[in-house]
2 protein chains.
Amino acid sequence: MARPLYRQIADDLRGQIEAGQLPPGARLATEDEFRTRYNASRNTIRDAIKWLAVQGLVETRPGQGTFVAVKLEPVVVNLGAAVDNGAAALPIAEVPASPRMESSIPSVEIQSAAAPVAAELRLPEGETVVSRHQRQFIDSTPWSLQTTFYPMDLVRRGASRLLAAEVIAEGTVQYLRDTLNVTQVGWRDKLTIRPADANEIAFFSLPPDGRVGIAEVFRTAYDQAGAPMRLTVSVFPADRNSFVISTGAVPGLALESPAPRSPDPVGGQGPADRTPAIFALER
Amino acid sequence: MARPLYRQIADDLRGQIEAGQLPPGARLATEDEFRTRYNASRNTIRDAIKWLAVQGLVETRPGQGTFVAVKLEPVVVNLGAAVDNGAAALPIAEVPASPRMESSIPSVEIQSAAAPVAAELRLPEGETVVSRHQRQFIDSTPWSLQTTFYPMDLVRRGASRLLAAEVIAEGTVQYLRDTLNVTQVGWRDKLTIRPADANEIAFFSLPPDGRVGIAEVFRTAYDQAGAPMRLTVSVFPADRNSFVISTGAVPGLALESPAPRSPDPVGGQGPADRTPAIFALER
DNA sequence: GGGTATTTGTCCGTATGTATT
DNA sequence: AAATACATACGGACAAATACC
């Protein structure tokens with residue numbers, strides 16, 4: 001047996017899909033039709049289709065049939081300088097009006113820091129932290145889950161509004177600078193891909209077999225003393241998001257050629273704390 | 001039927017794995033043992049194991065058994081300012097000596113630009129480009145595939161060494177500045193997750209069912225005129241790499257507190273063109 | 001190297017359940 | 001309610017990969 005039969009069938013179907021004979025959204029033949037077409041048993045046909053399904057090439061819908069997967073237009077998430085440099089400095093073209101992002105009211109919890117959180121905030125494991133969790137939507141469809149952790153010490157020193165389950169209108173970066181003279185001078189983003197958990201599968205309506213990965217962004221922000229002041233963890237379904245980082249002088253996404261970005265010291269202005277990433281649809 | 005039997009079995013096994021009863025690397029019982037333990041048919045047991053395998057929780061090895069997957073230590077890929085700002089400015093701790101990266105000799109091709117390449121380089125589709133492809137290894141294990149595209153115009157104007165199938169020792173950024181006075185002033189990285197293709201599965205020795213995604217980084221670099229001068233596409237298996245982006249003043253990964261990064265205008269120094277990402281092992 | 005036992009992989013057939021039209 | 005189509009579950013047989021003697 002050179003290649004297993006179900007793989008030969010899968011490869012044949014893959015060829016038809018990639019050649020465009022079966023465009024995205026098209027319905028494939030039924031399992032029974034394939035059974036006679038390929039002279040194979042139904043289970044073998046199902047193995048072939050499952051093979052393609054795991055790779056995200058097709059999806060099956062009970063009672064309806066099997067369909068060529070539609071490629072999702074990726075949402076572009078900006079990480080790095082172009083974003084948090086202050087909204088005023090952004091070329092307007094990078095913030096289109098059409099897609100509207102909404103955030104849920106934050107839910108606030110007092111937690112003991114798990115190991116990854118403690119490590120990023122340089123706290124002993126188990127230390128008390130404030131967690132502010134929000135769900136984010138684009139055009140009412142779930143887009144990301146976001147949790148920000150603050151050391152409890154900030155609250156003790158007077159930043160009591162971190163405990164309020166409501167949006168801090170001026171942004172927590174501004175609030176912490178006004179209240180405690182704690183200024184955000186930079187941050188580090190770490191992006192990792194990992195399998196989705198049950199919560200994420202439910203919130204994002206992902207296929208239940210967990211084949212769609214999750215992009216998890218840890219944003220650790222530092223104050224003027226070089227100490228971590230917050231950790232924001234954002235998660236996005238990996239199949240519908242891209243992440244862009246601009247460094248140095250980069251022309252805008254739009255047509256005009258902007259002036260090279262002046263290398264201002266990066267301050268904490270802007271809405272960096274409310275949304276760790278400004279987004280833009282592409283194409 | 002509340003939940004399908006194979007899912008109940010899978011959930012039971014998942015619980016044992018997450019509770020640590022079955023540590024990473026441990027061998028699970030054989031299908032036959034599970035068959036009696038759960039009083040189910042072999043195919044049902046296999047469905048349960050396949051469900052876990054798609055999620056990367058276990059892996060099966062013919063003739064040997066089923067094993068709890070070992071989580072790979074992620075390699076950290078730096079994107080953004082900290083890297084291309086010039087190697088001399090890097091805290092030494094970020095470039096550990098232990099893991100050694102090797103690159104293959106570049107293979108050079110003259111190609112007609114596919115749509116994504118043409119779009120990034122702002123060329124008409126089908127325009128001629130030079131492609132320089134390299135395979136990269138860490139400690140002799142495959143780590144990334146990298147292809148850089150240059151507009152053919154650069155060669156016509158005199159950068160003929162782009163056609164040589166050999167490493168350009170001083171770096172192509174330096175070479176293009178010396179030869180054509182084309183200076184790299186910035187770049188944009190775009191990271192996308194997509195399924196692995198057959199080539200990538202073979203090179204990286206990924207599980208053949210394509211459940212491991214690929215992180216694809218498009219780095220478009222711009223010259224002093226704001227025109228794209230090169231496009232580097234790097235691909236990494238998504239299950240064993242993290243990506244970090246530092247913005248503003250960020251303390252080094254090590255213990256010492258470095259001086260806040262001075263906002264120098266970003267030049268094209270350093271090995272940015274040979275390796276689009278400097279790496280560091282973490283933990 | 002060869003042979004054998006073990007274990008997973010492939011393939012078939014059948015019956016019944018569940019979701020959708 | 002009926003028909004259609006995929007999902008679950010069982011059974012069996014043989015192939016292929018691995019380990020061990």
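Labels below follow one simple rule: chain letters A, B, ... track the order of the sequence lines, proteins then strands, and each chain is numbered from 1.
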Distance in angstrom units between [X] [atom1] and [N] [atom2], rounded:
X: A:Tyr38; N: C:dT10; atom1: OH; atom2: P; answer: 18 Å
X: B:Ile45; N: D:dC10; atom1: CD1; atom2: P; answer: 8 Å
X: A:Asp32; N: C:dG13; atom1: CG; atom2: P; answer: 12 Å
X: A:Lys50; N: D:dA9; atom1: NZ; atom2: C1'; answer: 12 Å
X: B:Phe34; N: D:dA9; atom1: CZ; atom2: P; answer: 17 Å
X: A:Arg7; N: D:dA16; atom1: CZ; atom2: C1'; answer: 14 Å
X: A:Asp47; N: C:dG9; atom1: CG; atom2: C1'; answer: 10 Å
X: A:Trp51; N: C:dT10; atom1: CH2; atom2: P; answer: 8 Å

Considering all heavy atoms of both residues, which atom of B:Arg35 and which atom of B:Arg42 are nearest to each other, and what is their separation?
CD-N, 3.6 Å

What's the closest nucleotide to the side chain of [X] if the choices are [options]?
X: B:Arg46; options: C:dC12, C:dG9, D:dC6; answer: C:dG9
X: A:Arg42; options: C:dG13, D:dG11, C:dA15; answer: C:dA15
X: B:Glu31; options: C:dT8, C:dC11, D:dA9; answer: C:dT8

Sequence neighbours left out, what passes side chain to side chain contact (heavy atoms under 4.5 Å, CB included) with A:Ser144? Give chain and number order.
A:Gln136, A:Phe236

Mind checking side chain to side chain contact (heavy atoms under 4.5 Å, CB included) for B:Ser131 and listing every partner two or more places apart, or none if nothing turns up?
B:Glu109, B:Gln111, B:Thr147, B:Phe149

Please walk me through it: do A:Arg3 and A:Asp11 pass salt bridge (Lys or Arg N to Asp or Glu O under 4.0 Å)?
CA-CA 10 Å; A:Arg3 265 168 5 197; A:Asp11 288 347; 3.7 Å; yes

Counting only Watson-Crick pairs (N1-N3 plus N6-O4 or O6-N4) and G-U wobbles (N1-O2, O6-N3), all under 3.5 Å, who is the partner of D:dG12?
C:dC11

Taking the nucleotide of DNA chain D with the nearest heavy atom to each, does A:Ile49 or A:Asn43 sit closer to the 5' end?
A:Ile49

Is there a ring pair (Phe, Tyr, Trp, His ring centres under 6.0 Å) between A:Tyr38 and A:Tyr6 once you walk through the steps?
CA-CA 10 Å; A:Tyr38 289 109; A:Tyr6 78 97; over 10 Å; no

Report yes if at least one side-chain N or O of A:Arg27 is closer than 4.0 Å to OP1 or OP2 of D:dA5; otherwise report no.
yes

Whether B:Thr44 contacts D:dT8 is assessed here as follows: a side-chain N or O lying under 4.0 Å from the phosphate OP1 or OP2. Is that the case?
no

Between A:Glu200 and A:Arg194, is a salt bridge (Lys or Arg N to Asp or Glu O under 4.0 Å) present by the stated rule, with each step listed?
CA-CA 12 Å; A:Glu200 291 155 350; A:Arg194 58 161 177 76; 2.7 Å; yes

Sidechain N-carboxylate O distance under 4.0 Å for A:Lys71, A:Asp239
no

Return the residues of residues 55-70 of chain B meeting this criterion: a heavy atom under 4.0 Å from some atom of DNA chain D. Order them by number, or give none.
B:Pro62, B:Gly63, B:Gln64

